[in-house]
Every structure is written in structure tokens, then in C-alpha cells.
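For reference, the structure is listed below as C-alpha cells.
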Amino acid sequence: MIGKQTKGRGFRKLLDYLESREDAKLIGGNMSGRNARELAREFKLSRQLNSDADRVVYHVSLSAAKGDKLDDEKWSEIGDRYMKEMGFDANQFVIFRHHNTDDDHIHIAASRIRMDTGLVVHDSWDYLRSEKVLRQIEQDYELVQVQGSREKLQREQCDFVR
């Protein structure tokens with residue numbers, strides 16, 4: 001499983017994108033909104049808890065390996081677990097599933113502002129943490145083991161030396 005993370009300032013454009021893709025489907029999260037407008041309004045609640053925070057939007061796409069077949073329920077479960085293990089256990093988030101590429105994937109849009117404290121989730125070492133979380137999810141769900149960036153880099157360096 002591969003995870004790609006970005007951070008941004010505005011929810012509405014991201015939510016419009018997530019909702020507008022052909023065959024896009026809202027499959028999970030912890031919010032009550034059912035469309036981009038409702039979700040953006042709901043995300044404003046966390047924004048009001050910390051108006052000084054700058055990059056409050058967290059967007060991650062999780063892509064399954066070619067051989068993995070996951071249904072909406074399993075993807076939602078994986079998305080929930082990923083967010084919790086990344087430290088977003090008290091944050092608003094929503095999970096969309098897309099079918100617009102060959103890769104089976106989901107997108108998670110989240111507020112980096114915690115609803116319990118108003119503080120921003122720390123993002124130090126988040127790429128390394130994400131890879132660790134994804135490797136464990138692969139094992140626990142018996143998914144194809146994808147090579148992490150460190151292993152891939154080491155292999156490429158070995159190939160270069162030869």
C-alpha cells in the first residue's frame with residue numbers, strides 16, 4: 001500500500017475534487033455531511049478552535065497494490081485505523097473511494113486541528129510514520145507487501161554500485 005500526503009489551507013477545493021470524480025463514493029469518516037458543501041461547513045468547526053493555524057488540511061491518498069482487492073467496508077476500516085495510528089484520533093475526517101485509475105485507492109481529507117484540544121497534529125516524521133503504519137496494515141490484513149521508500153532506495157543504490 002502506498003500513501004501520498006499533502007497539507008493545505010482550504011477544504012472546499014479538495015472536497016469538490018474528491019466528490020466530483022466519476023464513480024466517487026463517500027465511504028467513511030466521522031462526519032455527518034454528505035456532500036462537499038456540507039462537509040466544508042462542518043470542517044469550519046475545527047477551524048474555529050485554532051484560527052492561528054495555517055496549514056490545517058491533511059489529504060492522504062492510500063493506494064492498494066495491484067493484487068489486492070478491497071471492498072468499501074474494508075477500505076473504510078483501513079482508513080479509520082490509518083488516521084488513528086497517524087495521531088488523528090480526535091480529528092474530523094472523511095474517506096472517499098475513487099475508481100478513476102487502475103489503482104484501487106481512497107482519499108482521506110482531514111482537519112489537522114484536534115477537536116478535543118484545538119491543537120494541530122504534529123507532522124514531524126509523518127512520512128516515515130505513514131510507511132510504518134502502512135507496512136503493519138499490510139501484514140494485519142494479509143495484503144501485498146509493498147517495498148518502503150528506504151528499502152527501495154537501498155536497492156537502487158545497490159543496483160547503481162554494480
* **CA sep, side-chain torsions, deciding dist, call: Y58, Q5, side-chain hydrogen bond (donor to acceptor under 3.5 Å, both in side chains)** => CA-CA 7 Å; Y58 179 76; Q5 307 171 63; 2.8 Å; yes

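- How far CZ of R129 is from OH of Y82: 8.5 Å, rounded to the nearest 0.5 Å.
- Taking each heavy atom of M83 and A110 in turn, the nearest pair found is CE-CB, 3.4 Å.
- Between the NZ atom in K132 and the CG atom in L134 there is a gap of 12.5 Å [rounded to 0.5 Å].
- Both Y17 and L39 belong to a common hydrophobic cluster when Ile, Leu, Val, Met, Phe, Trp and Tyr are linked at side-chain heavy-atom distances under 4.5 angstrom.
- Side-chain contact check for L15 versus F43: some heavy-atom pair is nearer than 4.5 Å.
- Atoms OG and CE, on S130 and M86 in that order, are 5.0 Å from each other to the nearest 0.5 Å.
- To the nearest 0.5 angstrom, D89 atom CG is 7.5 Å from K84 atom NZ.
- Using a cut-off of 4.0 Å between Lys/Arg side-chain N and Asp/Glu carboxylate O, D140 and R81 are scored as salt-bridged.
- For the pair S76 and G28, the tightest heavy-atom approach, listed with the atom from each and the gap, is OG-CA, 3.7 Å.
- Taken to the nearest 0.5 Å, the CD atom of E142 stands 11.0 Å off from the CG atom of D68.
- Considering only heavy atoms from C-beta on, L18 comes within 4.5 Å of H59 through its side chain.
- Within 6.0 Å of atom CG in D54, more than 12 heavy atoms from other residues, nucleotides or ligands are found, so the atom counts as buried in its surroundings.
- Under the 4.5 Å side-chain criterion, counting only non-hydrogen atoms from C-beta, V146 is in contact with I2.
- The minimum heavy-atom distance between L70 and M1, with the atom names listed, is CD1-CE, 4.3 Å.
- A salt bridge links D103 and K66; the closest N-O separation between the charged side-chain nitrogens and carboxylate oxygens is under 4.0 Å.
- Checked against ring pair (Phe, Tyr, Trp, His ring centres under 6.0 Å), F96 has no partners two or more places apart in sequence or in another chain.
- Looking at residues two or more places apart in sequence or on another chain, you find a salt bridge (Lys or Arg N to Asp or Glu O under 4.0 Å) between R12 and D16.
- Side-chain contact between N50 and V56 is absent, with no heavy atoms from C-beta onward closer than 4.5 Å.
- Side-chain heavy atoms closer than 4.5 Å link hydrophobic residues (I, L, V, M, F, W, Y) into clusters, and following such links, possibly through other members, connects L62 to L143.
- Ring geometry for H98 against H107 counts as tilted: the plane angle lies between 30° and 60°, on a 0 to 90° scale.
- Across every non-hydrogen atom of V121 and G87, the tightest pair is CG2-O, 3.6 Å.
- Hydrophobic clustering places V94 together with V57 (ILVMFWY residues linked when any side-chain heavy atoms are closer than 4.5 Å, directly or through intermediates).
- Crowding of Q139 atom CD: a count of heavy atoms from other residues, nucleotides or ligands under 6.0 Å exceeding 12.
- When all heavy atoms are compared, the tightest approach of E42 to S32 is OE2-N, 3.1 Å.
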* Where do E138 and R135 land on the salt bridge (charged side-chain N to carboxylate O under 4.0 Å, His left out) test, with the steps shown first? -> CA-CA 5 Å; E138 288 167 348; R135 297 301 77 82; 2.9 Å; yes

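- Residues W75 and I95 fail the side-chain proximity criterion, which asks for heavy atoms closer than 4.5 Å.
- Going from atom CE of M115 over to atom CG of L45 covers 5.5 Å, rounded to the nearest 0.5 Å.
- The side-chain heavy atoms of Q136 and V133, taken from C-beta on, include no pair separated by under 4.5 Å.
- Between D104 and R97, the closest side-chain pair of non-hydrogen atoms falls below 4.5 Å.
- Applying the side-chain hydrogen bond (donor to acceptor under 3.5 Å, both in side chains) test to every pair with at least one member in residues 18-29, sequence neighbours left out, gives these pairs: K25-D72.
- At a threshold of 4.0 Å, the pair R112-D126 does not count as salt-bridged, since none of the basic side-chain nitrogens sits closer than that to a carboxylate oxygen.
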* Show your reasoning for whether ring-ring contact (aromatic ring centres under 6.0 Å, His included) applies to F88 and F93. => CA-CA 8 Å; F88 289 81; F93 72 94; 8.3 Å; no

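- Between A53 and V120, the closest heavy-atom pair is CB-CG2, 3.7 Å.
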